[in-house]
Amino acid sequence: MKTDLPNAPEANDPLDAMLREADGYLPDNGFTARVLTSLPARRKHSWRRLVVLSTAMLIGTVLVLWQLPAAYAIFSTLPRHWSAFQSQTLFAIVPLLAALASLGWVVFVVANEDQ
Amino acid sequence: MSFTDADLIARVLLREDQNAFGELVRRYQSPVRGFLMKMTNGDTHLADDLAQEAFVKVWKKLGSFRSEGKFSTWLFGIAHNEWRMSVRGRKEVALEDLPDPPAEVEQTDDAAASHLRLDLAEAMKVLTAAERAAIVLCCQNGLSHEEAAQALDCPLGTVKTNVLRGREKLRRRLTI
């Protein structure tokens, strides 16, 4: 490759000459073709994933915003009415938790997209 | 017309151009396979398998390549990582734990053996894996010490030491 480097081999050093000689070009012999045939579909369905993730993100955000006042009301009265914690209350919290989970899932998927 | 690495990478990222990626593979297959061949002590099949895995990984992760660095440095880093994982996968010792070669290899460097010129491939086996990696990247592939440190994911001082030690061992082994 390049030779204008701080640690560039010395022209008269027999070891460097030997190392350079030994580093001959390896013929391709079908290697590139094998690599290309083994490539996974990199972004083939990226538009579909984008739509799914965006929709999930949108639904999650709407649900969170929609449930936020109710959730605030529930949580603020929870200590006082803990004994009266009923299925109705749980029913109000579940969508909020689902929305938060969907947001978390989107973040997780996007963060791990390239791995 | 010859495209730069950056041109080819842009084409892969923007157009998913497999021909552009193929050109990158053609361009770098020889140094990467050569590097892995030396790291696997001449096991060509394993080296080619690892090189193939490395290029597939490059294809998958090309979006995370930072253009301020050299593509070859990044690529050698991935190839080295593939080799390291294969070593771990085979339950062999990790790179930093690799012991020096058996003492008898060093002991043959006496007057009687001084006339015997071993070829470089054999002499390279005297080196530890870390020394071999540093020598191959810096002395054969023209990477700077900084680039080699980046590719091998180790401190700069370690690379410099490994290059010096490796060269010294090769000199003794090759009697030059």
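What you are looking at is a predicted structure, and each value in this text was computed from that prediction instead of being measured. The sequence lines fix the lettering, A, B, ..., with proteins before strands; numbering per chain opens at 1.
At least one side-chain heavy atom of A:L26 sits less than 4.5 Å from a side-chain heavy atom of B:M37. B:L170 places none of its side-chain heavy atoms less than 4.5 Å from the side chain of A:M18. The side-chain heavy atoms of A:S38 and B:F55, taken from C-beta on, include no pair separated by under 4.5 Å.
One finds the SG atom of B:C139 at 9.0 Å from the CG atom of A:D13 (value rounded to the nearest 0.5 Å). Considering CH2 of B:W59 and CG of A:L36, their distance stands at 8.5 Å, rounded to 0.5 Å. Atom OG1 of A:T37 and atom CD of B:Q18 lie 9.5 Å apart (nearest 0.5 Å). Here the straight-line distance linking atom CG of A:L15 with atom CZ of B:R167 works out to 5.0 Å at 0.5 Å rounding. To the nearest 0.5 Å, atom CZ of residue B:R33 and atom OH of residue A:Y25 are 8.5 Å apart.
In this structure, the portion of B:K38 lying under 4.5 Å from any heavy atom of chain A is its side chain and not its backbone. Neither the backbone nor the side chain of B:A121 comes within contact range of chain A; no heavy atoms are under 4.5 Å apart.
Take B:D43 and apply the salt bridge (Lys or Arg N to Asp or Glu O under 4.0 Å) test, not counting sequence neighbours, and it matches no residue.
Contact check on B:D49 versus A:R34 returns no salt bridge, with no Lys/Arg side-chain nitrogen under 4.0 Å from an Asp/Glu carboxylate oxygen.
Using non-hydrogen atoms only and a strict 4.5 Å limit, the part of residues 19-27 of chain B facing chain A consists of B:F21, B:G22, B:V25, B:R26.
Hydrophobic clustering, with ILVMFWY side chains joined whenever heavy atoms are under 4.5 angstrom apart, groups B:I9 together with B:F3.
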- Determine, step by step, whether A:D16 and B:Q140 satisfy the side chain to side chain contact (heavy atoms under 4.5 Å, CB included) criterion, reporting the C-alpha distance in whole Å, the side-chain angles of both residues, the deciding distance to 0.1 Å, and the verdict. CA-CA 8 Å; A:D16 284 319; B:Q140 291 193 306; over 6 Å; no

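Contact record, A:P40 with B:K60: CG-CE, 3.6 Å, taken as the closest heavy-atom pair. In plain terms, the two heavy atoms of A:G24 and B:S30 that are nearest each other are O-OG, 4.0 Å.
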